[in-house]
Structure formats: C-alpha cells, structure tokens
Amino acid sequence: MSRVELKAMKIANFKGIKNLEANFGCYTQISGDNGTGKSSVYDAYLWCLFGKNYEGKELPVQPLTKDNEVVHKVDTVVELELDIDGTKMTVKRVQKEKWSVPRGQLEAILQGNTQERFINDVPYSVRDFDEKLGKICPVQEWFMLSSISAFMGLKMEDRRKKLQLLTGEISEYEIAKDYPSIIKAFYDGKSVDELIRQNRLTRKTAQTDLDQIPARIDQQERLRIVDVDFAALESDKVRLETEHAEIDALLTEHLGNRPETTSNEYPRLLAECNQKIARLEHDARVEIESKRGEINNRLYATKAELNKVQYEKTSEMSKISRLSAEKDEKAGLLAAAGKEWQKQNIEAYKDEVETTCPVCGQDLPVFKVQEAQENAIKAFNERKLKRLAEIENDGKRLKERIDSIKSEIESANARIQSLEQEERELIEKVDAISAELSNVPTLESVLAQVSEYAEQKAKHEEIMQAMSATPSQSSVLAEYNAKTQTFQMHIRQIDNKLREINEKLAAEKTNARIDAEKARLEEESKTLAQTVADCDRVDYEIRLFKKKKISIVEDRVSSLFEIVRWKMYEPNLTNDGEKEICQAIIDGVPYETQNTATRINAGIDIINGLTKALGCQVPLFVDNTESVTVMRASETQTITLSVIQGQKLTIK
C-alpha cells in the first residue's frame, strides 16, 4: 500500500494568504476564526496537486484587494513537501499573469494566466505532471481520498460503480443455483428482466384464457338437446326395427300363400304386383330418410359452427370493453403525468441558504453564501431535471401502452367485422339448409316420379277388377287383399315412427360433440391453471433471487466499512422490481439526514474503507471538526479544520 504524507507547505499570494509556511505531522489541526484562511490552506493543497477545489471545480486563486479587485503582477505559488513511502518529493504549482504590448501601443495588456508545474524542481507538462502523480496514486482516487465529502459528492451512479468495482463482479449464476427457472433462463440467453417480462405476459395470457373457460363451457351447455331419453329412443328403434322385420316376413309369407284358382292366374299376379309395390315404397322411404339424415347432419354442424363464431364475436367485444377501460385509465394517468410535468416545470428555486453562521451568528463571507447558493441551485435543478425525466419516461410508457391498446382494439374490431360477415354467411347457410330440409319430397311425390310404381299400381287395379269380376273368388280375394293392405299400412306406420326416432337420435351426436368439447375445455382449464401456478412459482423464485442478490451486494459493499452500511437497491415506485441506488446508512438513518458530527465520522469511515480497498493512503482533510466531540481514528495522515472564535489562523 502506497503511503503519502504532507510534511510542509509554502503558500504565496494564494487567495487571502500572502505568505505562509507550515509543517504538518501525522495529525495536524488547522484552526482559527471564520475568514482567517483555514479553507484556503485546504484549497491550496488541492490546487497544487489537481488544479481544482474540493468540489472538483477550477477556482480563482489570485489575491484580491479590499475592493475585491485582483492584485496584478504577482505570482501565485503553492509548494508541497511530500513523503512518499519514505522518499521526499516536492510538488509546486505556479500561476503567472501573461502581459504583452500590442503593436502600435505603449501600455502592456493582460493576456491571461499561465501555470507551471514542478516535481522536485523539474518542470512538467500537464499530462506528464498527472502521469507522474498517478504512478503514486491514481489522480482521481488521490483527489477522492483527500476529503471526507468528495466520495459522497459524486453522482449516485459513480458512487455505485466505484463500490461495485472495489467489491468485484457478483456472479448471477452462482446466486441463481437454487432457482431452476432463473438458471434455465440464463442458459436460454435471457436476463432476469427478460424472464420477468416473459413470465408476466405468459401468466396474463393464461389467466385471461382461464377466466373465459367457464363462459365457453356454459356456451356449449346451452347448445345441449335436453328432455330427450336417448336410451329409450334406441330401445324403441330396436323394437320397431324388429317388428318391421317380423311384419315384412309375415307379408312375404302372406304374399306367398295367395289363393289359387283353376280358372285364372290373378292371385299369383296380384301377389307379384304387391311385392313390387312394397319394394318400390320401401326403396323410396329409404331414399327419403337418407336425404333427411344427410341434411340434418349438415344443419347441426352448421349451427355448431355458427355458435362458435357468435361466441368468438362476444369474446372480442368483451376484449374491446376491457381494453377501452384500460385505455381510459392510462389516458387519465397520462393526463395526470402531463399536469405533474407542468407543475414540476414551473416550480422555481426558493432561496433558503443561511447567510449567518449557525454557531456564532456572524455573517458568512459573501463568496461562501454565493457558493452555497450556487450549490443549492445546482442541486435543485438536478432534482428538477431528474423528476421531469422520470415523468417523461412514465408518460412515454403510458403513451406506448395506449398506442398498443388502440392497435389491439383496431385488430379486435377488424376481427369482429370478419366474424360478423362469417356469422351472416352461416345464418344464411342455416336458413338454406332448413329450407332444404322442409323441401325434402314426401313419399307420395317420390313415388309419383317412379314410372314403375305407377305401372304396378295400375296393374294392381286391373287385377283387382278382374278378380272382382269372378264371383267364386271375390270373398277369398277380398280377405287376402285386406290382409295385405293391413300388413303394408302397419309397415308404413313403423317407417314413420322410425323416421321420427332417427331425427331425434341425430341430436345425440350434437350432445356427444358438446361433451367432447367440454372435456377438452376442462383439460385446457387444468393446463392453464398449471401454467398460472408455474408462473407464480417463477415469480416467487425471482423475488427470492432478487432478495438474495440485494443482500449479497449490500453485505459485500458494507463489509468494506465499519459503521456505514450501503443500501444499493430500493423498490421502484412507478414499476415493479427494484431501482439501483447507492445510499449510505448509519444506524439505520440515511447519511443525508444525519447531523454534522455523524456525517464527519461516517465520512472518515468511508475514507478508511476506500483506502484499504484501493491500497493507497493520502493526507485526509476534515472540515467543521468543531462539531465533533469524538472523531473516528484514521490510519492516514489527518488534517482537521475547526472554527475557534477570535483566534488567528493556527496550524499545529
């Protein structure tokens, strides 16, 4: 570890100090009343090494008159005697005015200032000077370790980056070893944030589909044909078909037992004619029932398709309603964000800088007040710009979501128009099929188109007339024909009943399809519920992973220090998850709200920790130590600045 100590300092014409030579020890106190030059000694040290003050700004160093005018034609000189790990080194910076006489004039004109830098009395350029000092301790780190407020004065992002560099990179793979979902995401090339977005979308989609399952099942149930005993119908159908077969057999047997006569062949011809008529009527009925069955099947299928389209249309309309509500909500938030932006934008700085010393009540130097005001205005503007940027980012996200919702609504409306067109076409198709069903020809109209049937009916009439003309056969034939007609009428009645049963049984296919669809929806519900549960489990793993990572990061960073702990994350108020911060905490209270004494001791603790981590010890200046009763010890050379009323500048 490199160790740098300030042994002596020479100052000439630096701000309010005309000449000063002082020696420094391991612990040195600079004291005096306000305005005696304590801070100027500190500024001289920083200016000599870095050319800036403790805030990292270039500062005017030339002496001033009582009228606040620059004293010209004197050189400002600061020389430091340093001990570098036991080796003496002198560092000097000189600022001179540059005067020249323009051509044609007699008086010299000030052209500006120049600076010269020396190490061990050897002149150096700006780059070589910084490079030489940087070999002892990197210049930026040297500057930061010289003041207890320099590190806390860095931007939050810079403080955080510096601490993370000191503690080393934390392997997310190592943290995630107990969380399978996160490990899998890493192997798939996804970050934790990408996994969060993917998991959130998957869960939202699954939950939306899951919420619609009950309505879809209810929609199917409303299509069910109820109050029909299909088992009884099947039993009746079997019974009627058996009865039909028995009567067909009886009719066939009856027709085969036609009355025989010795006088003519009429009974045989009549039986043949009746058989042909019965066959033609049977074929016609089969054709009609086949046609009606085919039309009924198409009708039920088309109605089922129509119900599906109507359900999808209802779902899209519900989606539009839900999206419209969300759009109105987001629009309200966007309008509120706009008002908040206007409110923040017009907010003006209110000067609350103290102009008197809170300890002694004396008026503070004007330059100190101006400096404090500039710092306060800078801090106010930074906070204002940060808040405006946050509001603008929130507004941008809201606008993007509103645009996305509008796009989704447009897509849904386009889908509804398509579904409505499809619905109209299906309604027309249902009407056409229904009309087709009502136009199925009757048995009589079908038979009227069969020439053979007309011929057999005519032949039947001729035979009957011929048989009626034979008195000896009339009674036998009349009985025979009456029995034949009874069988045929019974068969027609059974055919009519079978047709009605078949029409009702066709509805059973619809119910079977409904049961199958309900079973599929129930399985889909289980799958979606499992998906939601899996997403909840992944979300739980992510929360545990983040909590563990936060704990490891904060513990590792805080391990560098004794009294200061670091809060590296906080909940994001505008979005889910955590926001990266870098806040010092002392005894559970933020650094910014602590009293002066606690902030000084916390600052020393921070410098001690950074010194060990960086491996470089440099002189540490501690201001306002009159506010501290017990000050923390530091292994580095410590130079304190304290106010003692009525005392001249003293260095001891």
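The residues of the chain are indexed from 1 along the displayed sequence. In this text, all values refer to a predicted model and were calculated from it rather than measured experimentally.
Atom OH of Tyr173 sits in a crowded spot, with more than 12 heavy atoms from other residues, nucleotides or ligands closer than 6.0 Å. Counting non-hydrogen atoms of other residues, nucleotides and ligands closer than 6.0 Å to NZ of Lys384 gives a total above 12. For Glu194, the CD atom sits in a packed shell: over 12 heavy atoms of surrounding residues, nucleotides or ligands are nearer than 6.0 Å. Environment of NZ in Lys161: sparse, with no more than 12 heavy atoms of neighbouring residues, nucleotides or ligands closer than 6.0 Å. Heavy atoms of other residues, nucleotides or ligands lying less than 6.0 angstrom from CD of Glu58 number 12 at most. Applying the 6.0 Å contact sphere to OH of Tyr27 captures more than 12 heavy atoms from other residues, nucleotides or ligands.
Side-chain N/O atoms of Gln111 and Ser100 include a donor and acceptor closer than 3.5 Å. For Thr650 and Gln647, the side-chain atoms include at least one donor-acceptor pair closer than 3.5 Å. Using a 3.5 Å distance cut-off with no hydrogens or angles, the side chains of Gln344 and Glu340 do pair a donor with an acceptor. Gln637 and Glu5 are not linked by any side-chain donor-acceptor pair at a separation below 3.5 angstrom, with hydrogens and angles left out of the test. Judged purely by distance below 3.5 Å, without hydrogens or angles, the side chains of Glu541 and Ser181 pair a donor atom with an acceptor atom. In this model, a donor atom of one side chain and an acceptor atom of the other lie less than 3.5 Å apart for Glu392 and Trp341. In summary, the side chains of Asn608 and Ser634 do present a donor paired with an acceptor at a separation below 3.5 Å, with no hydrogens or angles considered. Donor-acceptor pairing under 3.5 Å is recorded for the side chains of Ser147 and Ser149.
Ion pairing between a basic and an acidic side chain is recognised when a charged N comes within 4.0 Å of a carboxylate O; Glu562 and Arg632 show such pairing. Taking 4.0 Å as the cut-off between side-chain N and carboxylate O, Glu97 and Lys73 do not count as a salt-bridged pair. Salt-bridge formation is not detected for the pair Lys162/Asp158: no Lys NZ or Arg NE/NH1/NH2 atom is positioned less than 4.0 Å from an Asp or Glu carboxylate oxygen. Using a cut-off of 4.0 Å between Lys/Arg side-chain N and Asp/Glu carboxylate O, Glu157 and Arg160 are scored as not salt-bridged. Between Asp394 and Arg397, at least one side-chain nitrogen of the basic residue sits less than 4.0 Å from a carboxylate oxygen of the acidic one, meeting the salt-bridge criterion. Salt bridge status for Glu326 with Lys330: present, with a side-chain N to carboxylate O gap under 4.0 Å. The pair Lys10-Glu81 does not count as a salt bridge, with every side-chain nitrogen at least 4.0 angstrom from each carboxylate oxygen.
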Check your understanding: Between Tyr569 and Lys549, does a side-chain contact (heavy atoms from CB on, under 4.5 Å) hold up when you go through it step by step?
Key -> CA-CA 10 Å; Tyr569 299 90; Lys549 180 180 178 181; 3.7 Å; yes
Given salt bridge (charged side-chain N to carboxylate O under 4.0 Å, His left out), test Asp193 with Arg197 step by step and report yes or no. CA-CA 6 Å; Asp193 288 339; Arg197 292 196 294 272; 5.4 Å; no
Worksheet entry | Check against side chain to side chain donor-acceptor pair (under 3.5 Å), Thr611 and Gln617 | CA-CA 6 Å; Thr611 295; Gln617 292 183 352; over 6 Å; no
- request: Decide yes or no on side-chain contact (heavy atoms from CB on, under 4.5 Å) for Cys582 and Trp566, but give the supporting numbers first.
  value: CA-CA 7 Å; Cys582 186; Trp566 292 91; 3.8 Å; yes
Exercise for review: Show your reasoning for whether salt bridge (charged side-chain N to carboxylate O under 4.0 Å, His left out) applies to Lys15 and Asp43.
Suggested key: CA-CA 9 Å; Lys15 298 175 68 174; Asp43 286 342; 2.9 Å; yes
**Request:** Just do the side-chain contact (heavy atoms from CB on, under 4.5 Å) check on Ile604 and Met631 with the steps written out, would you?
**Result:** CA-CA 9 Å; Ile604 294 173; Met631 192 170 71; 3.3 Å; yes
Checking side-chain contact (heavy atoms from CB on, under 4.5 Å) for the pair Ile136/Met89: CA distance, chi angles, key distance, verdict? CA-CA 11 Å; Ile136 302 169; Met89 173 187 284; 3.7 Å; yes
inquiry  = What verdict does the side chain to side chain donor-acceptor pair (under 3.5 Å) test give for Thr598 and Asn595, after you've listed the backbone C-alpha separation in whole Å, the side-chain angles of each residue and the deciding distance to 0.1 Å?
reply    = CA-CA 6 Å; Thr598 303; Asn595 58 38; 2.8 Å; yes
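A pairwise comparison of heavy atoms in Ala44 and Ile11 identifies CB-CD1, 3.7 Å as the closest pair. The minimum heavy-atom distance between Ser125 and Arg117, with the atom names listed, is C-NE, 4.1 Å. Heavy atoms only, all atoms of each residue included: Asn375 and Lys57 are closest at OD1-NZ, 3.6 Å. Between Ser40 and Ile17 the shortest heavy-atom distance is CB-CD1, 3.8 Å. The two residues Ala597 and Ser627 make their nearest non-hydrogen contact at CB-O, 3.5 Å. Closest approach of Leu649 to Gly37, counting heavy atoms only: CD1-C, 4.2 Å.
Taking the six-membered ring where the residue is Trp, Phe545 and Phe186 present perpendicular rings, their angle passing 60° and hence far from 30°. Note: His72 and Trp99 have perpendicular aromatic rings, judged against thresholds of 30 and 60 degrees for the angle between ring planes.
No cation-pi contact links Arg159 to Tyr591, judged by a cut-off of 6.0 Å to the six-membered ring centre and 45° from its axis. Stacking of Lys52 on the aromatic ring of Trp47 is not recorded, the 6.0 Å distance cut-off and the 45° axial limit not both being met. Both the sub-6.0 Å distance and the 45° axial angle are not jointly satisfied by Lys132 relative to the ring of Tyr124.
Counting heavy atoms from C-beta outward, Leu64 and Glu69 have side chains that stay 4.5 Å or more apart. Using a 4.5 Å heavy-atom threshold, the side chains of Arg203 and Asp536 count as touching. Annotation: side chain of Lys567 is in contact with side chain of Ile581 (closest heavy-atom distance under 4.5 Å). In this structure, Phe151 and Leu154 have side chains that are in contact, with non-hydrogen atoms separated by less than 4.5 Å. No side-chain heavy atom of Lys88 sits under 4.5 Å from any side-chain heavy atom of Asp83. Under the 4.5 Å side-chain criterion, counting only non-hydrogen atoms from C-beta, Leu6 is in contact with Leu82. Residues Ile585 and Val589 have side chains not in contact (no heavy-atom distance under 4.5 Å, counting atoms from C-beta outward). Counting heavy atoms from C-beta outward, Leu385 and Phe380 have side chains that stay 4.5 Å or more apart.
In this structure a side-chain-to-backbone donor-acceptor pair under 3.5 Å is present from Asn120 to Thr90. A donor-acceptor pair under 3.5 Å is absent between the side-chain atoms of Ser404 and the main chain of Glu400, judged by distance alone. A donor-acceptor contact shorter than 3.5 Å links the side chain of Glu554 to the backbone of Met568. Side chain of Thr76 to backbone of Asn13: a donor-acceptor contact under 3.5 angstrom is found. Remark: side-chain polar atoms of Ser551 are not paired, donor with acceptor, to backbone N or O of Lys548 under 3.5 angstrom. Side-chain N or O atoms of Thr167 include one that pairs as donor or acceptor with a backbone N or O of Leu163 at under 3.5 Å. In this structure a side-chain-to-backbone donor-acceptor pair under 3.5 Å is missing from Thr638 to Leu620.
Here the rule is salt bridge (Lys or Arg N to Asp or Glu O under 4.0 Å) with Arg565, and of Asp587, Asp555, Asp605 only Asp555 fits it.
In summary, the aromatic rings of Tyr45 and Phe621 are positioned with their centroids under 6.0 Å apart.
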